Engineer: 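What follows is a structure written as structure tokens; I'll ask about it next.
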Amino acid sequence: MAPTATQKHRPIVISGPSGSGKSTILERLFASHPDTFGFSVSHTTRSPRQGEQNGREYNFTTKEEFLDLANKKGFIEHAQFGGNLYGTSFKAVEDVANKGRICVLDIEMEGVKQVKQTQLNARFLFLSPPSLEILEQRLRGRGTDSEEAVQKRLKQAESEMDFAKEEGIHDKVVVNDDLDVAYKAVENWIVNEGQDGS
Ligand SMILES: Nc1ncnc2c1ncn2[C@@H]1O[C@H](COP(=O)(O)OP(=O)(O)OP(=O)(O)O)[C@@H](O)[C@H]1O
């Protein structure tokens, strides 16, 4: 069988509790390596917001189209949030790899479980906060969530942390204590596949 683009450019799955610093670290990574990485464009059944373009922020689809693709096993992972369906298609990830880029998937625990069951050949990185107490401080410091949302995220964080402790789920765990140290560890593992032993 001819090797697929994702075998050559193995996708990276980054997960970790909300507030563990995934966006912060990925932003740096993309800025430092502007031509190396890409995000896949997800499908959603929610309506586009002002300024959003079909095929750029999301592939906006109807519920029927979405379910049809799901039945055809076209999604690597999909889930429902707030009454809408969201999913990452195999094609979206292949499209990134076909451009010669490494696809980065920033997904939550249930999605990780689903990706694990595919032939995607992904590499799995878990970004952990130093503790739940510090996670709580950071979530509050970010100032984007209501008290209720912070409590919900902290509860979810506990199960994400427990899941990450299971053997054989992640290829690499990085604790985001000092940001520069954590960034270097992530960058090294992703770019050099940990060749210098970190
Ligand atoms: N090492 C660090 N030290 C202190 N603050 C940090 C560190 N890393 C990230 N932060 C801060 O913590 C907050 C949460 O980070 P960020 O938004 O990147 O998390 P996330 O994992 O992407 O969350 P979500 O899954 O909700 O998008 C931000 O305000 C960020 O500036």
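Everything quoted here is computed from the prediction, not taken from an experiment.
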Engineer: Output yes when a side-chain donor or acceptor of D145 lies under 3.5 Å from a complementary backbone atom of V150, and no otherwise.
Structural biologist: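 No, because the side chain of D145 does not come within donor-acceptor range (under 3.5 Å) of the backbone of V150.
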
Engineer: Answer yes or no: are there more than 12 heavy-atom neighbours, outside K116 itself, under 6.0 Å from its atom NZ?
Structural biologist: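 Count over threshold, so yes.
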
Engineer: Rounded to the nearest 0.5 Å, how far apart are CG of L125 and OG of S15?
Structural biologist: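 Separation between the atoms: 7.5 Å.
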
Engineer: Would K72 and D68 pass as an ion pair if we require N to O under 4.0 Å?
Structural biologist: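 Salt bridge present between K72 and D68.
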
Engineer: Can you see which heavy atom on R28 is nearest to which on D180, and at what distance?
Structural biologist: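 Heavy atoms of R28 and D180 come nearest at NH1-OD1, 2.9 Å.
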
Engineer: Is it the case that one hydrophobic cluster holds both Y58 and L85, taking links as side-chain heavy atoms less than 4.5 Å apart, direct or via other members?
Structural biologist: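 As far as the 4.5 Å side-chain criterion goes, L85 and Y58 are not connected within one cluster.
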
Engineer: Take atom CZ of R56 as the centre, draw a 6.0 Å sphere, and report whether it contains more than 12 heavy atoms from other residues, nucleotides or ligands.
Structural biologist: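 For R56, atom CZ is crowded (more than 12 foreign heavy atoms under 6.0 Å).
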
Engineer: Are F81 and F60 connected into the same hydrophobic cluster when the rule is that any two of I, L, V, M, F, W, Y join if their side-chain heavy atoms are below 4.5 Å apart?
Structural biologist: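 Both belong to a single hydrophobic cluster.
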
Engineer: Which of parallel (below 30°), tilted (30 to 60°) and perpendicular (above 60°) describes F126 and H170?
Structural biologist: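 F126 vs H170 ring planes: tilted.
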
Engineer: Tell me if the NZ atom of K113 is crowded by more than 12 foreign heavy atoms within 6.0 Å.
Structural biologist: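 Yes, enclosed.
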
Engineer: State the CG-CE distance between D162 and M109, to the nearest 0.5 angstrom.
Structural biologist: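 Taking CG in D162 and CE in M109, the distance rounds to 9.0 Å.
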
Engineer: Return yes if some donor-acceptor pair links the side-chain N/O of R138 with the main-chain N/O of G21 below 3.5 Å, else return no.
Structural biologist: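 Not a single qualifying donor-acceptor pair exists.
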
Engineer: Judged by atom type as modelled, is there a donor-acceptor pair below 3.5 Å linking the side chain of K22 to the main-chain atoms of G16?
Structural biologist: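 Answer holds: yes.
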
Engineer: Let me confirm one number: the CD1-CG distance from I76 to L120, rounded to the nearest 0.5 Å.
Structural biologist: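 Separation between the atoms: 4.5 Å.
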
Engineer: Kindly say whether F163 contributes a backbone atom to a donor-acceptor pair with the side chain of E160 at under 3.5 angstrom?
Structural biologist: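 Such a contact is absent between E160 side chain and F163 backbone.
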
Engineer: More than 12 foreign heavy atoms under 6.0 Å from CD of E148: is that the case here?
Structural biologist: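 No, because the 6.0 Å sphere around CD of E148 holds 12 heavy atoms or fewer from other groups.
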
Engineer: To the nearest 0.5 Å, what is the distance between CG (N84) and NE2 (H43)?
Structural biologist: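 Interatomic distance, N84 CG to H43 NE2, rounded to 0.5 Å: 14.5 Å.
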
Engineer: Does any N or O in the side chain of R101 come within less than 3.5 Å of the main-chain N or O of V96, such that one atom is a donor and the other an acceptor?
Structural biologist: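 Not at all, since once roles are kept as given, no pair shorter than 3.5 Å links the two residues.
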
Engineer: Output yes when E94 and K91 qualify as a salt bridge under the 4.0 Å nitrogen-oxygen rule, no when they do not.
Structural biologist: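 Salt bridge between E94 and K91, a charged N being under 4.0 Å from a carboxylate O: no.
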
Engineer: How close do D171 and A122 get, counting heavy atoms only, and between which atoms?
Structural biologist: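 Result for this residue pair: OD2-O, 4.3 Å.
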
Engineer: Are any non-hydrogen side-chain atoms of Q151 and K155 less than 4.5 angstrom apart?
Structural biologist: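 No; the side chains remain at least 4.5 Å from each other.
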
Engineer: Consider only side-chain N and O atoms of R46 and T44, and report whether a donor and an acceptor are under 3.5 Å apart.
Structural biologist: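 There is no such pair between these side chains.
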
Engineer: Could you tell me the separation between the CD atom of E147 and the CG atom of L139, rounded to the nearest 0.5 Å?
Structural biologist: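 One finds 10.5 Å between CD of E147 and CG of L139.
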
Engineer: Would you compute the distance between atom CD1 of I102 and atom CZ of F37 and round it to the nearest 0.5 angstrom?
Structural biologist: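 These two atoms lie 5.0 Å from each other.
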
Engineer: Is N176 reaching over with its side chain to a backbone N or O of S20, donor-acceptor style, under 3.5 angstrom?
Structural biologist: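 Between the backbone of S20 and the side chain of N176 there is a qualifying donor-acceptor contact (under 3.5 Å).
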
Engineer: Atom CD of residue position E27 - does it have more than 12 heavy atoms of other residues, nucleotides or ligands inside 6.0 Å?
Structural biologist: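 It does not: E27 CD has 12 such atoms or fewer within range.
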
Engineer: Answer yes or no: is there a side-chain heavy-atom contact under 4.5 Å between M161 and P129?
Structural biologist: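 Counting from C-beta outward, M161 and P129 do come under 4.5 Å.
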
Engineer: Compare every heavy atom of S47 with every heavy atom of E52, then report the nearest pair and how far apart it is.
Structural biologist: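 Heavy atoms of E52 and S47 come nearest at OE1-O, 4.4 Å.
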
Engineer: Measure across A97 and H9 and return the closest heavy-atom pair with its distance rounded to 0.1 Å.
Structural biologist: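 Closest approach of A97 to H9, heavy atoms only: O-CD2, 3.5 Å.
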
Engineer: If you count heavy atoms of other groups shown closer than 6.0 angstrom to CD of E166, is the number above 12?
Structural biologist: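 Enclosed.
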
Engineer: Would you please test R140 and E136 for side-chain contact (heavy atoms from CB on, under 4.5 Å) and show each step?
Structural biologist: CA-CA 6 Å; R140 292 190 195 289; E136 184 169 356; 2.8 Å; yes

Engineer: Specify whether F75 and H78 have parallel, tilted or perpendicular ring planes, treating 30° as the upper limit for parallel and 60° as the lower limit for perpendicular.
Structural biologist: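 Answer is tilted, since the angle falls between 30° and 60°.
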
Engineer: Under a 3.5 Å cutoff, is there a donor and acceptor pairing between the side chains of Q53 and E57?
Structural biologist: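 Distance-only check fails for Q53 and E57.
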
Engineer: Do V112 and V115 come within less than 4.5 Å of each other through their side chains, counting heavy atoms only?
Structural biologist: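 Counting from C-beta outward, V112 and V115 never come under 4.5 Å.
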
Engineer: Are V181 and L127 connected into the same hydrophobic cluster when the rule is that any two of I, L, V, M, F, W, Y join if their side-chain heavy atoms are below 4.5 Å apart?
Structural biologist: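 Per the 4.5 Å side-chain linkage, L127 and V181 are not co-clustered.
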
Engineer: Please name the pair of heavy atoms, one in I25 and one in Y183, separated by the smallest distance, quoted to 0.1 Å.
Structural biologist: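 That would be O-CE1, 3.8 Å.
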
Engineer: State plainly whether one hydrophobic cluster holds both F30 and V174, where clusters connect Ile, Leu, Val, Met, Phe, Trp and Tyr through side-chain heavy atoms under 4.5 angstrom apart.
Structural biologist: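 As far as the 4.5 Å side-chain criterion goes, V174 and F30 are connected within one cluster.
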
Engineer: In terms of hydrophobic clustering (I, L, V, M, F, W, Y; side-chain heavy atoms under 4.5 Å; direct or indirect links), are L26 and L105 co-clustered?
Structural biologist: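 Hydrophobic grouping puts L26 apart from L105.
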
Engineer: Output yes when K99 and D35 qualify as a salt bridge under the 4.0 Å nitrogen-oxygen rule, no when they do not.
Structural biologist: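 Not counted as a salt bridge, because no side-chain N and carboxylate O are separated by less than 4.0 Å.
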
